[in-house]
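Nothing fancy with the numbering, it's 1 onward along the sequence. Atoms considered below: every heavy atom in the structure, side chains included; atoms not considered: hydrogens, waters and symmetry mates. We count ligands from 1, going down the list as the structure has it; atoms in each ligand are counted the same way. Quick caveat: nothing in here was measured; it's all calculated off a predicted structure.
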Amino acid sequence: MNLKVCWMYHDIMDLYGDKGNMLVLQKRCEDRGISIKIDTLSIGDTCDLSTYDLLFFGGGADKEQLLLIDDLLKRKDNIKQAMEQGTFVLLICGGYQLFGQYYISADNEKIEGLKFFDYYTETGTNGTRCIGNIAIQCTLDNETYTVVGFENHGGQTRNISTPFGKVLYGCGNAFQESYEGFYNGQVLGTYIHGPLLPKNPKVADFVIYKALLKRYPEFKKEDLQPLDDTLENQAHEAILRKLGISNKA
Ligand code: GLN
């Protein structure tokens, strides 16, 4: 089996270990004999995103988001085409914000988003930011998981009818909101860095499974060969314990 991944703006959108998500996908695929090819995309590169099974877009500071936005908006039709053809999309923080209507930066500059979804992101009142460890509980395609990580965002994202999960600890989409991220079956957007996938191996496998569906529509998640996740699960549990949360999944 083959998996083709495009890591968008790898050179500028890579906060708090987002790169680790790519390393984890690569290792978990290789350990199972799934051939994975990870291409990178920088500003100005020519590339047909619809040829990929998975698009990954990490987080970045306001400065980086402003730097890439013109290039990203030019790719709107191509990203739409990719999604229509079944490409799965994983977005972290700054990347997640830019798939919505707009993002108001800390300097009150409005950055127009791709507007694929109704959510929009405004800046925290008086420069406040959501910073720290985060844990959520989510149900993805009928399976419930706890997900742990780290968040650091000024952006307050609102108007989401299908969040990724419910916040157990931390902020999530906005201060005083109890939900985190966005998930519509094909696009998973989240504020969780840390990076997301190493301490959440079930989410890593979920992403691999969803990405494989484009080429292998008959593939079932149970078909993924089990791996020894002892260390990963210990890391996951250690964070939950530290946060005073008992594992619910
Ligand atoms: N610059 C954005 C914000 O502060 C995104 C930050 C990030 O990707 N961690 O909200």
>> Let's go through Tyr9 and Asp71 carefully: what are the C-alpha distance in whole Å and the side-chain angles of both, what is the deciding distance for side-chain hydrogen bond (donor to acceptor under 3.5 Å, both in side chains) to 0.1 Å, and is it a yes or a no?
In response: CA-CA 10 Å; Tyr9 308 110; Asp71 185 89; 2.6 Å; yes
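With Asp229 as the partner, the salt bridge (Lys or Arg N to Asp or Glu O under 4.0 Å) test is satisfied by one option alone out of Lys27, Arg28, Lys199: Arg28.
For the ligand labelled ligand 1, residue Glu64 lies outside the 4.0 Å heavy-atom shell. Proximity of His193 to ligand 1 is established by a heavy-atom distance of less than 4.0 Å. In this structure, Glu151 falls outside the shell of residues with a heavy atom less than 4.0 angstrom from ligand 1.
A donor-acceptor pair shorter than 3.5 Å cannot be found between the side chains of Gln234 and His236. Glu180 and Thr190 are linked by a side-chain donor-acceptor pair at a separation below 3.5 angstrom, with hydrogens and angles left out of the test. Using a 3.5 Å distance cut-off with no hydrogens or angles, the side chains of Asp48 and Ser50 do pair a donor with an acceptor. Side chains of Ser35 and Asn2: a donor-acceptor N/O pair is present below 3.5 angstrom, by distance only. No hydrogens or angles considered: nothing links the side chains of Asp223 and Tyr216 as a donor-acceptor pair under 3.5 Å.
Under a 4.0 Å criterion applied to the non-hydrogen atoms of Gln65, ligand 1 contributes the atoms 1 (N), 2 (C), 5 (C). Within the listing of ligand 1, atoms 3 (C), 10 (O) sit less than 4.0 angstrom from a heavy atom of Gly155. Atoms of ligand 1 found under 4.0 Å from any heavy atom of Gly94 (numbered from 1 in listed order, with element): 5 (C), 7 (C), 8 (O). Listed by atom number, the atoms of ligand 1 under 4.0 Å from Asn152 heavy atoms are 6 (C), 7 (C), 9 (N). Listed by number with element, the atoms of ligand 1 under 4.0 Å from a non-hydrogen atom of Leu15 are 7 (C), 8 (O), 9 (N). Against a heavy-atom cut-off of under 4.0 Å, Ala61 is close to the following atoms of ligand 1: 1 (N). Of all the atoms in ligand 1, the ones that sit under 4.0 Å from a non-hydrogen atom of Gly59 are 8 (O).
Residue contacts with ligand 1, taken as heavy atom pairs separated by less than 4.0 Å, do not involve Met13 at all. Neither the backbone nor the side chain of Ala106 has any atom closer than 4.0 Å to an atom of ligand 1 (non-hydrogen atoms only). Residue contacts with ligand 1 for Tyr103 involve side-chain atoms from C-beta outward but no N, CA, C or O (heavy atoms, distance under 4.0 Å). At a heavy-atom distance under 4.0 Å, no atom of Ile92 approaches ligand 1. Residue Asp62 touches ligand 1 through backbone and side chain together, judged by heavy-atom distances below 4.0 Å.
Ring pair Tyr119/Tyr96 is tilted by interplanar angle, where 30° to 60° counts as tilted. Taking the six-membered ring for Trp and thresholds of 30 and 60 degrees, Tyr102 and Tyr120 have nearly parallel ring planes, at less than 30 degrees apart.
Of the protein's non-hydrogen atoms, the one nearest atom 5 (C) of ligand 1 is Gly60 O, 3.2 Å. If you check which protein heavy atom lies closest to atom 7 (C) of ligand 1, you get Cys93 SG, 2.7 Å.
Residue Arg129 has at least one nitrogen or oxygen atom sitting less than 3.5 Å from a nitrogen or oxygen atom of ligand 1, judged on distance alone. Looking at Gln97 next to ligand 1, an N or O pair under 3.5 Å apart turns up.
In this structure, Phe182 has its ring center at least 6.0 angstrom away from the ring center of Phe164.
Stacking of Lys166 on the aromatic ring of Tyr179 is recorded, both the 6.0 Å distance cut-off and the 45° axial limit being met.
A salt bridge links Lys221 to Glu143: at least one charged side-chain nitrogen sits closer than 4.0 Å to a carboxylate oxygen.
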